[in-house]
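Heads up: numbering here begins at 1 and tracks the sequence. Quick caveat: nothing in here was measured; it's all calculated off a predicted structure.
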Amino acid sequence: MAAEGGSTPTVDPSGAVGQLVAAAVVGIVVIIVLITWLKVHPFIALVIGALGVGIGAGLAPDKAVTSFGNGFGATMTSVGILVGLGAMFGRMLVDSGAADRVVDTLVRRSSTAALPWTMALIGALIGLPMFFEVGLVLLIPIIVLVAKRSGVPIMKIAVPALVGLSTMHAFVPPHPGPLVAVSTVGANLGTTLAFGIVLAIPVIVLAGPVFARFAARWVDIPAPDMFSSRGAAASTGSGPADPAQAGREARRGPATQDTASLPNGKSDFTRVISEPRSPSFTVALVGILLPVVLMLAQAVREAVAPDAAGGWVSLLDFLGSPVIAIGIAAVFAMVFFAIGGGMDRSAVAKSLEDALPPIAGVLLIVGAGGGFKQVLIDTGIGGVIADAVQESGISVLLVAWVVSALVRVATGSATVATVTAAGIMAPIAEGLSTPETSLLVLAIGAGSVFLSHVNDAGFWLVKGYLGTTVGQTFKTWTVLECLISVLGLGGVLLAGVFL
């Protein structure tokens with residue numbers, strides 16, 4: 001899909017073309033230098049960079065501030081509520097034991113040969129509603145214990161789970177990256193969700209269980225002894241804290257005795273049973289898939305019957321709107337996850353309260369990315385970029401991937417890469433159809449996970465949790481992230497040929 005002339009909004013440039021280009025380049029470089037060299041928080045870096053671009057491009061300082069504020073507010077309106085509700089749902093999934101139930105059920109029913117595929121499915125399911133870091137810490141004890149008990153090389157267990165988690169983080173809303181890209185370029189969330197899931201399946205298969213066979217040969221290490229029991233760190237104090245452990249202890253019921261008797265009335269042993277309560281597998285799975293089904297149903301209705309009318313159309317459109325769909329999932333979790341997990345009202349309230357502080361930084365970064373995008377548009381820089389891409393004849397999807405990948409490699413942040421690339425590509429998206437705009441979001445998401453290395457916090461999280469060396473982490477984590485990125489780009493470009 002090459003760039004074609006589109007109806008980009010007419011904006012009077014605030015300066016000459018050379019001045020606009022120079023301001024954009026310098027501003028992006030400043031953002032990258034502030035984050036990577038001076039270790040400034042990405043939110044502050046984006047604010048400084050955006051205001052600098054606006055003033056450098058010829059906007060009056062007060063107009064630059066106004067432009068940034070308008071973009072920040074618009075992005076937070078469309079994205080902030082969704083991220084907040086998604087975080088609450090993810091926290092209830094952990095604290096109620098629903099996540100444990102899904103993992104335990106799938107692992108228990110899998111054969112040894114099927115474990116890599118099962119772990120890929122678990123990574124995807126856990127990754128659907130959760131932030132990457134939370135999902136990673138939750139999965140680590142599962143990965144370690146499954147590898148120890150099954151005797152399967154840990155890389156055959158870890159790689160598929162990590163791929164499932166990372167792929168959902170890159171491609172599928174309601175993760176903050178895809179959400180802010182959808183909002184910034186004006187894509188349809190339901191269509192993007194449908195395309196993202198379809199794209200994620202082959203990417204997870206190839207980068208997960210298939211690549212895991214090679215990773216296990218390249219890095220043949222034993223499972224680390226970081227957990228003495230599920231959810232509990234080893235006595236040495238090494239390893240991450242399991243976010244689900246506090247919830248398990250709170251849900252642990254009173255002990256009961258179960259005496260198993262031998263013939264002739266001789267007692268063999270007495271077991272003390274005190275297992276944490278948790279929702280059923282069906283309830284947990286329904287909760288995870290509920291918002292996805294609602295948004296997909298609305299997207300399918302728009303594609304199949306765009307001119308349909310009536311009460312059922314209004315109801316479907318209402319239920320499938322992102323805020324309502326994710327809000328329904330959050331309420332479902334507050335009721336049914338809580339009942340199954342034995343959580344009282346105070347426990348539910350604490351769980352919801354604890355869900356919000358960790359996302360504060362993410363929300364600020366996302367909002368600042370929206371402000372940066374608006375400054376690019378109001379100065380006329382967006383129009384200059386759009387014209388250059390359109391005249392080049394290069395695929396818009398490839399350009400989006402390259403921009404996102406370059407920012408990712410430079411900053412180490414998938415979120416910063418996504419919000420920056422989406423802001424740069426937003427004017428170009430004005431001339432694209434609805435399916436093409438969704439593919440643009442996925443191309444940006446694919447670029448945002450490219451080449452994770454030493455400036456990425458995820459690189460060090462995986463290294464520390466799995467006990468690999470830096471070289472071994474490059475052979476496994478870095479390669480799998482590149483595979484997700486390149487395979488995702490390939491899928492997007494292939495889809496673009498037919499749209």
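Here S166 pairs with E481 under the side-chain hydrogen bond (donor to acceptor under 3.5 Å, both in side chains) rule; sequence neighbours left out. With sequence neighbours excluded, no residue satisfies ring pair (Phe, Tyr, Trp, His ring centres under 6.0 Å) with F43. Every side-chain hydrogen bond (donor to acceptor under 3.5 Å, both in side chains) that H453 has, sequence neighbours left out, goes to N455. Taking the side-chain hydrogen bond (donor to acceptor under 3.5 Å, both in side chains) definition, one finds that S14 meets it with nothing, sequence neighbours left out. In this structure, the ring pair (Phe, Tyr, Trp, His ring centres under 6.0 Å) partners of F450, at least two apart in sequence or on a different chain, are W401. V65 is linked by a side chain to side chain contact (heavy atoms under 4.5 Å, CB included) to L51, counting only residues two or more places apart in sequence or in another chain. Applying the side-chain hydrogen bond (donor to acceptor under 3.5 Å, both in side chains) criterion to T478, with sequence neighbours excluded, gives no partner residue. For W460, there are no ring pair (Phe, Tyr, Trp, His ring centres under 6.0 Å) partners two or more places apart in sequence or in a different chain.
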Listed pairs under 3.5 Å, donor-acceptor, residues 22-40 side chains, sequence neighbours left out:
{"unit_1": "T36", "atom_1": "OG1", "unit_2": "I32", "atom_2": "O", "d": "2.7"}
{"unit_1": "K39", "atom_1": "NZ", "unit_2": "T36", "atom_2": "O", "d": "3.0"}

All N/O donor-acceptor pairs, side-chain side in residues 183-208, below 3.5 Å, sequence neighbours left out:
{"unit_1": "S183", "atom_1": "OG", "unit_2": "S78", "atom_2": "OG", "d": "2.6"}
{"unit_1": "T184", "atom_1": "OG1", "unit_2": "V180", "atom_2": "O", "d": "2.6"}
{"unit_1": "N188", "atom_1": "OD1", "unit_2": "G190", "atom_2": "N", "d": "3.0"}
{"unit_1": "N188", "atom_1": "OD1", "unit_2": "T191", "atom_2": "N", "d": "2.8"}
{"unit_1": "N188", "atom_1": "OD1", "unit_2": "T191", "atom_2": "OG1", "d": "3.1"}
{"unit_1": "N188", "atom_1": "ND2", "unit_2": "E302", "atom_2": "OE1", "d": "3.1"}
{"unit_1": "T192", "atom_1": "OG1", "unit_2": "N188", "atom_2": "O", "d": "2.8"}
{"unit_1": "T192", "atom_1": "OG1", "unit_2": "S438", "atom_2": "OG", "d": "2.9"}

Identify every side-chain donor-acceptor pair in residues 351-369 under 3.5 Å, counting partners at least two apart or on other chains, and give the distances.
{"unit_1": "S351", "atom_1": "OG", "unit_2": "D95", "atom_2": "OD2", "d": "2.8"}
{"unit_1": "D354", "atom_1": "OD2", "unit_2": "K350", "atom_2": "NZ", "d": "2.7"}

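Each salt bridge (Lys or Arg N to Asp or Glu O under 4.0 Å) pair with one or both residues in residues 438-462, not counting sequence neighbours, appears once here: R408-D456.
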